[in-house]
**Q** 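Here you go, one structure.
The structure displayed is predicted, hence computed values, not measured ones.
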Amino acid sequence: QAELVESGGGLVQTGDSLRLSCASSLSPFSDYAMGWFRRAPGKEREFVAGISRYSSRTEYTDAVKGRFTISKDYNNRMTYLQMNSLKPSDTAVYYCATKKTADTRAVLTTDNYDYWGQGTQVTVSI
């Protein structure tokens, strides 16, 4: 069983919204910081958003601030990335990632995570 499974990607138009979901099999869920990354065609994987263990802190890359929101659902061990006002530049494969951490306020913005999902494709057309 994969530790993380993403879903929710698809083909949308500029200005549309999508919500990506990441299901975790790791427990207790509150022990883990979560992150979303993306890899656009021909580019390196980049950090998109991160959230601390108890959701007290979040971080976003500048390109998505004000448009994307990361959140956690502790009852269902889910992490979401709500993406609004999508642009063609958001086209990429999106990955969720997780790392167990003792620091309740830590948000990991580099790719130093322990587990990664398989990725879900998001394509934004003009």
**Q** Does any part of the side chain of Q82, heavy atoms only, come nearer than 4.5 Å to the side chain of S71, both counted from C-beta?
**A** no
**Q** Any donor-acceptor pair under 3.5 Å linking the side chain of T58 with the backbone of G50?
**A** no
**Q** I want to check something: taking the side chain as every heavy atom from C-beta on, are Q121 and L11 in contact at a cut-off of under 4.5 Å?
**A** no
**Q** Could you tell me whether the side chain of R53 and the main chain of T101 form a donor-acceptor pair under 3.5 Å?
**A** yes
**Q** What I'd like to find out is whether the side chain of N75 reaches to under 4.5 Å of the side chain of F29, using heavy atoms alone.
**A** no
**Q** With a 3.5 Å distance limit and no angle check, can you tell me whether R67 reaches the backbone of S85 through a side-chain donor-acceptor pair?
**A** yes
**Q** Would you find a donor on one side and an acceptor on the other, under 3.5 Å apart, between the side chain of R57 and the backbone of R105?
**A** yes
**Q** Starting at CZ of F68, measure out to OG of S17 and round the result to the nearest 0.5 Å.
**A** 9.5 Å
**Q** Is there a donor-acceptor pair closer than 3.5 Å between any side-chain N or O of S21 and the backbone N or O of E6?
**A** no
**Q** If only atom types and distance count, is the side chain of E59 paired as donor or acceptor with the main-chain N or O of L108 below 3.5 Å?
**A** no
**Q** Any side-chain to backbone donor/acceptor pair from T14 onto S125? Under 3.5 Å, distance only.
**A** yes
**Q** If two hydrophobic side chains count as joined below 4.5 Å and joins carry through other members, does F37 share a cluster with M83?
**A** no
**Q** With a 4.5 Å cut-off on side-chain heavy atoms, are T79 and C96 touching?
**A** no
**Q** How close do T104 and Y54 get, counting heavy atoms only, and between which atoms?
**A** CG2-CE1, 3.7 Å
**Q** Please name the pair of heavy atoms, one in I70 and one in W36, separated by the smallest distance, quoted to 0.1 Å.
**A** CD1-CD1, 3.5 Å
**Q** Can you get from L81 to L4 by hopping between Ile, Leu, Val, Met, Phe, Trp and Tyr side chains that sit under 4.5 Å apart?
**A** yes
**Q** Roughly how far, to the nearest 0.5 Å, is the CD atom of E3 from the CH2 atom of W116?
**A** 13.5 Å
**Q** Of all the heavy-atom pairs spanning K100 and D114, show the shortest one and how long it is.
**A** N-OD2, 3.7 Å
**Q** Check for me, please, whether M34 and V93 land in the same ILVMFWY cluster - side-chain distances under 4.5 Å, paths through other members count.
**A** no
**Q** From S24 OG over to K72 NZ, what is the distance, rounded to the nearest 0.5 angstrom?
**A** 8.5 Å
**Q** Would you name the heavy atoms of Y60 and A49 that are closest together and state the gap between them?
**A** CD2-CB, 3.6 Å
**Q** CG of D111 to CD of E44: how many Å apart, nearest 0.5 Å?
**A** 9.5 Å
**Q** Would the number of heavy atoms belonging to other residues, nucleotides or ligands and lying under 6.0 Å from CZ of R39 be above 12?
**A** yes
**Q** Please determine if K87 and D90 form a salt bridge, counting it only when a charged side-chain N lies under 4.0 Å from a carboxylate O.
**A** no
**Q** Can you tell me how far the CG atom of L26 sits from the OH atom of Y32, to the nearest 0.5 Å?
**A** 4.5 Å
**Q** Taking atom types as modelled, find out whether Y74 and S55 have a side-chain donor-acceptor pair closer than 3.5 angstrom.
**A** yes
**Q** So which heavy atom on A2 is nearest to which on S25, and how close?
**A** O-OG, 3.5 Å
**Q** Going by side-chain contact (heavy atoms from CB on, under 4.5 Å), L18 matches just one of T120, N84, V122. Which one?
**A** V122
**Q** So if you build clusters from Ile, Leu, Val, Met, Phe, Trp, Tyr with side-chain heavy-atom gaps below 4.5 Å, do I51 and L20 land together?
**A** yes
**Q** Could you measure the distance from the NZ atom of K99 to the OH atom of Y113? Nearest 0.5 Å is fine.
**A** 9.5 Å
**Q** Would a single hydrophobic cluster contain both V12 and Y94, if residues Ile, Leu, Val, Met, Phe, Trp and Tyr are joined by side-chain heavy-atom contacts under 4.5 Å?
**A** yes
